[in-house]
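Basis for what follows: all heavy atoms, side chains included, without hydrogens, waters or symmetry-related copies. We count residues from 1, following the sequence as given.
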Amino acid sequence: MTTITTWFTLGLLGELLGTALLAYGYTLVPEATRKRYLLLVAIPGIAIVAYLLLVLGIGALDGGGHTVYVVRYVDWLLTTPINVLYLGLLAQADRGTIGKLVGLQALTIVFGFAGAMASGALSYALFAVGAVAFAGVVYLLYGDVADSAVAALSDVEGSLYRTLRNFVVVLWSVYPVVWLLGAAGIGLMDVETASLVIVYLDVVTKVGFGTIALHAWMTMDADTVTEGTAVTAD
């Protein structure tokens, strides 16, 4: 248990540093993007609360013989829909598509949690429903939302959308593998190792997603200023 608490503490520190970095970045991004940028600050900010509760030993339930950290699922239920909401807004997708995107991502987490709390065949059935919902998220991100990005964004902004989309899809695909290998699945991965992997993924996905966007917006803003200066000089 001490080891798990250590991992949770490292996760808390990672989310704290990431939130501080992204909050400072608010002053650096173009003013027109700041309102939407706050979503990126909120993602690790919410995780701070979750990890603090985990460090304090709050939010663990018995899932039929194994521990289920319900706080972790609440964190994901709030933050992962924000991730796809940001992608949808960035791509300037229509409200209906963004609504489907957010709804399917929320269902992915709900059924993942339900599967973790259940046992036997029902557990895998619920996990499979969550996997189908996630497949729907991926389909939209590479289909309708990507089409909106192509139609509405500049080449540089379109490149940012594709980078962020590929980043979350690839990393989020690891979570179901950990679920299957962990105590909720076939049990090949002990709870300490699963916790370490999830903490690493949480920090990388939440902070990394925002950091990539921050760097891209700062670069685009600097290029705009440089071009404006060059035009003035001409």
Side-chain angles (χ1 to χ4, degrees), residues 13-51 75-106 137-138 140-172 201-234:
L13 293 175
E15 303 294 358
L16 278 168
L17 291 173
T19 303
L21 170 66
L22 295 176
Y24 175 70
Y26 176 82
T27 64
L28 305 177
V29 299
E31 189 170 351
T33 67
R34 287 180 179 175
K35 186 175 181 180
R36 187 173 61 206
Y37 178 86
L38 287 175
L39 294 172
L40 302 177
V41 183
I43 292 169
I46 292 170
I48 289 174
V49 179
Y51 273 101
D75 169 1
W76 293 340
L77 182 60
L78 295 174
T79 57
T80 60
I82 294 177
N83 278 113
V84 294
L85 171 62
Y86 184 84
L87 286 171
L89 292 174
L90 173 63
Q92 299 183 30
D94 61 81
R95 288 189 177 186
T97 301
I98 293 176
K100 292 177 187 174
L101 199 58
V102 171
L104 285 170
Q105 181 54 39
V137 172
V138 175
L140 288 173
L141 289 176
Y142 282 88
D144 293 352
V145 183
D147 292 342
S148 297
V150 170
L153 303 182
S154 66
D155 290 343
V156 176
E157 291 171 333
S159 176
L160 171 60
Y161 169 77
R162 291 190 296 275
T163 299
L164 292 175
R165 176 198 59 190
N166 296 340
F167 181 81
V168 294
V169 169
V170 170
L171 288 179
W172 284 1
L201 288 172
D202 272 354
V203 174
V204 171
T205 54
K206 290 176 169 60
V207 179
F209 186 89
T211 303
I212 291 171
L214 171 61
H215 179 264
W217 287 121
M218 288 175 58
T219 302
M220 281 187 266
D221 191 40
D223 290 344
T224 301
V225 171
T226 301
E227 289 173 5
T229 303
V231 170
T232 302
D234 289 341

[X] to [Y] - nearest heavy-atom pair and separation:
X      : Y      : answer
Val29  : Arg34  : O-NE, 3.3 Å
Asp155 : Arg162 : O-NH2, 4.4 Å
Val207 : Pro44  : CG2-CB, 4.3 Å
Leu21  : Thr211 : CD2-OG1, 4.0 Å

Pairs under 3.5 angstrom only: tabulate donor-acceptor contacts from the side chains of residues 84-93 to other protein residues two or more places apart or in another chain.
| residue | atom | partner | partner atom | Å |
| --- | --- | --- | --- | --- |
| Tyr86 | OH | Trp217 | NE1 | 2.9 |

Could you give the distance from [atom1] ([X]) to [atom2] ([Y]), rounded to the nearest 0.5 Å?
X      : Y      : atom1 : atom2 : result
Thr80  : Phe209 : OG1   : CZ    : 11.0 Å
Ile212 : Asn166 : CD1   : CG    : 10.0 Å
Thr79  : Glu15  : OG1   : CD    : 8.5 Å
Leu141 : Thr97  : CG    : OG1   : 11.0 Å
Leu153 : Tyr161 : CG    : OH    : 9.5 Å
Leu140 : Leu104 : CG    : CG    : 6.0 Å

Side chain to side chain contact (heavy atoms under 4.5 Å, CB included) between Tyr51 and Leu13, intermediate numbers included: CA-CA 9 Å; Tyr51 273 101; Leu13 293 175; over 6 Å; no
Contact check, side chains of [X] and [Y], non-hydrogen atoms, under 4.5 Å:
X      : Y      : result
Trp172 : Asn83  : yes
Val168 : Thr205 : no
Met220 : Leu160 : yes

Tyr142 atom OH: more than 12 heavy-atom contacts under 6.0 Å: yes
Carboxylate-amine/guanidinium contact Lys206 Asp75, below 4.0 Å: yes
Asp202-Trp76 side chain donor-acceptor pair, cut-off 3.5 Å: yes
Trace of the side chain to side chain contact (heavy atoms under 4.5 Å, CB included) decision for Val203 with Leu17: CA-CA 10 Å; Val203 174; Leu17 291 173; over 6 Å; no
Heavy-atom donor-acceptor pair, Tyr37 side chain to Pro30 backbone, under 3.5 Å: no
Gln105 side-chain N/O to Val102 backbone N/O, donor-acceptor pair under 3.5 Å: no
